[in-house]
Amino acid sequence: MRHRNSFIYYGSLFTFLFLIAGCKLKSNGPDLDPDIESKVNTLVSEMTLAEKIGQMTQVNKGFLHSNEDIKTYFLGSLLSGGGFTPEVNEPEHWVDMVDEYQNMALQTRLKIPLIYGIDAVHGHNNVIGATIFPHNIGLGCTDNPDLVKKASEVTALEVAATGIHWTFSPCIAVPRDERWGRHYEGYSESPDLVKDLGAASIQGYQGESLADRKTVLACAKHYVGDGGVDWGSGMGGKIDRGNVTISEEEIRNLHLPGYLSALEVGVGSIMISYSSINGDKMHGSKYYITDILKDELGFNGLVVSDWAGIDEIPGDYKSDIEMAINAGLDLIMVPESYLDFINYMTELVNEEKISMDRIDDAVTRILRIKYQLGLFENPLADRSLLGTVGSLENREVARQCVRESLVLLKNENDVLPINKTGSKILVAGANADNLGHQCGGWTISWQGDSGDITTGTTIYNAILNSVSDQTNVVYSEDGTNASSADVAIAVIGEGPYAEMQGDRDDLSLSDSDIQTLTNLKNAGVPTVIVLISGRPLIVEEYLADWDGFIAAWLPGTEGQGVADVLFGDYNPTGKLSISWPRTMDQIPINIGDDEYNPLFEFGYGLNY
Ligand code: BGC
Ligand code: BGC
């Protein structure tokens, strides 16, 4: 107790000194500003319990019973879950929608603005017409923090242009198992790469100042260990939301480093993982959230739950809330039954199962971020930014990301780069002319879709754009009629998926891809394979038939970047940020394993 008192004494003395010095204190999270700290304290002291609980409540916009509820329940935050768009999915309509919600919040007694969040995880990916970047696995292969930062700057601009303040990104998972449907959301199986690229991304989103109208709040997710889950322990007996069997030391060596660098660059929010560590749900883990993240690492930003993440804590909903809030969660992505959440919260505080100190800490963190974002001064969107959504300039940055993310894995007889002039090129494969497939999950809808889901360039169209008039490009999806071609480009691989639905214990090529390959082989033309996938697929038995092989991951809307590499306008620089397994039996396979015999090693990548 004496220890605690002296801590409080020196603590206040220190606060006093830095207040009078008027300086900014560098801490773990965004820089603290004494002026903001005092405004937050004053505001918290004026708030009723209902107003405080409202601040801690985040509702998916699609689950609001009425816009009036924002006012009635003092809701502090809304989000758009994957695919929850305004009725007309156009940038102006996003602004109108968010501003309308905000105007409701501004009608409350204290006029505390809402913070609106969205998964802009590879560009502003819910918005039709926005620039879609490669998913993180591709960015991992660029190993270029400056470019990753630039990509996040562009995304922040497009998000801000639609009136939204917060992106649930970057995912700094360290995915260790290719069977996980979220493998592509992580940069790399290597914590070092995740550390560098995650920090760069946060700097891009948050800029020099959160208050800059062109920046947004970043969210490092999912804390902690999401990428380390054991196959078989997750939903449906698969992997998503499962358990990590691991020592604390390994957590600190493998899964925590990304958070250390995120904190260093001032990340303002952190999302908790659905997964468990040694049987304990992260959403209920006071040890990881309060003891490590807030106390040991000094995180001063806000901790948000995942979508209904607290519901997965064993016990009934009321006990879930008690456990989660006492574990240190500040804002709950409810996201649906907010009346139940608010009622139980109120009961729990009245029953003294959740202390007022804990509530005040949560509300302080939420309001601090709102002040840091400048929301009190500028609650409504800056409509002058609208024209930036999907601009050519932004798409150019995404195209550069695509070029640098491609990994050249095989190039026999110099089949690549392909001659742009005079040849006959056969384009084949189910992913050659499919924008939805090249974007993958988390694009326009939650799980992603097939076909022309937004504005962009398919790989086939990019090839047409690249070649000269004398070149004959023929498209044959199944690879038939190839015999007269000089070269065939087959774009094969996976269709779109996201969390849960992408968990797979068989990563072989599909039957239709195999048929396409067989047709090309029978035609006897030199063949280049472009693989569109969120993870390495099992290809060893076909590799000998391929002259060229490029891993293109999930490149997004700027398919032109793929053609730039195919035709040698860009000499490939991408290097594998993961290890490529030969067989399913080898998975999980990661750099540093005692036994390590992948098809392609971590860091592998050729050039011309
Ligand atoms: C995902 C998060 C995402 C959230 C909101 C969850 O299911 O795990 O990554 O940010 O939904 O859409
Ligand atoms: C939402 C996603 C969310 C998921 C969680 C979906 O309906 O659109 O954003 O991540 O549910 O289960």
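In each ligand, atom 1 is the first atom listed, and ligand 1 is the first ligand listed.
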For Asp306, the ligand 1 atoms with a heavy-atom partner under 4.0 Å come out as 1 (C), 2 (C), 3 (C), 4 (C), 6 (C), 7 (O), 8 (O), 11 (O)

Tell me, yes or no, whether the heavy-atom count around Glu100 atom CD, taken from other residues, nucleotides or ligands under 6.0 Å, exceeds 12.
no

Proximal atoms of ligand 1 relative to His222 (non-hydrogen, under 4.0 Å)
2 (C), 8 (O), 9 (O)

Please test Tyr259 against Phe299 for ring-ring contact (aromatic ring centres under 6.0 Å, His included), starting from the C-alpha separation and ending with a verdict.
CA-CA 10 Å; Tyr259 291 91; Phe299 178 53; 9.4 Å; no

Within the structure, is a non-hydrogen atom of Met271 found at a distance of less than 4.0 Å from ligand 1?
yes

For Trp307, the ligand 1 atoms with a heavy-atom partner under 4.0 Å come out as 6 (C), 7 (O), 11 (O)

Under the salt bridge (charged side-chain N to carboxylate O under 4.0 Å, His left out) test, which residues partner Glu92, sequence neighbours left out?
none

What class does the angle between the rings of Phe376 and Tyr371 fall in, given that below 30° is parallel, 30 to 60° is tilted and above 60° is perpendicular?
parallel

Within 4.0 Å of some non-hydrogen atom of Lys221, the atoms of ligand 1 are 2 (C), 3 (C), 9 (O), 10 (O)

Parallel, tilted or perpendicular: which describes the rings of His135 and His122, with under 30° parallel and over 60° perpendicular?
parallel

Taken in chain and number order and not counting sequence neighbours, the residues that satisfy side-chain contact (heavy atoms from CB on, under 4.5 Å) with Met584 are Arg179, Leu507, Ile538, Ile587

Measuring from atom 10 (O) of ligand 1, which candidate in Ile272, Asp226, Asn126, Asp119 has the nearest non-hydrogen atom?
Asp119

At under 4.0 Å between heavy atoms, is it the side chain or the backbone of Tyr274 that contacts ligand 1, or both, or neither?
side chain

Is there a ring-ring contact (aromatic ring centres under 6.0 Å, His included) between Tyr497 and Tyr184? Walk through the geometry before answering.
CA-CA 10 Å; Tyr497 54 81; Tyr184 65 78; 5.6 Å; yes

At under 4.0 Å between heavy atoms, is it the side chain or the backbone of Arg182 that contacts ligand 1, or both, or neither?
side chain

Glu499, any N or O under 3.5 Å of ligand 1 N or O:
yes

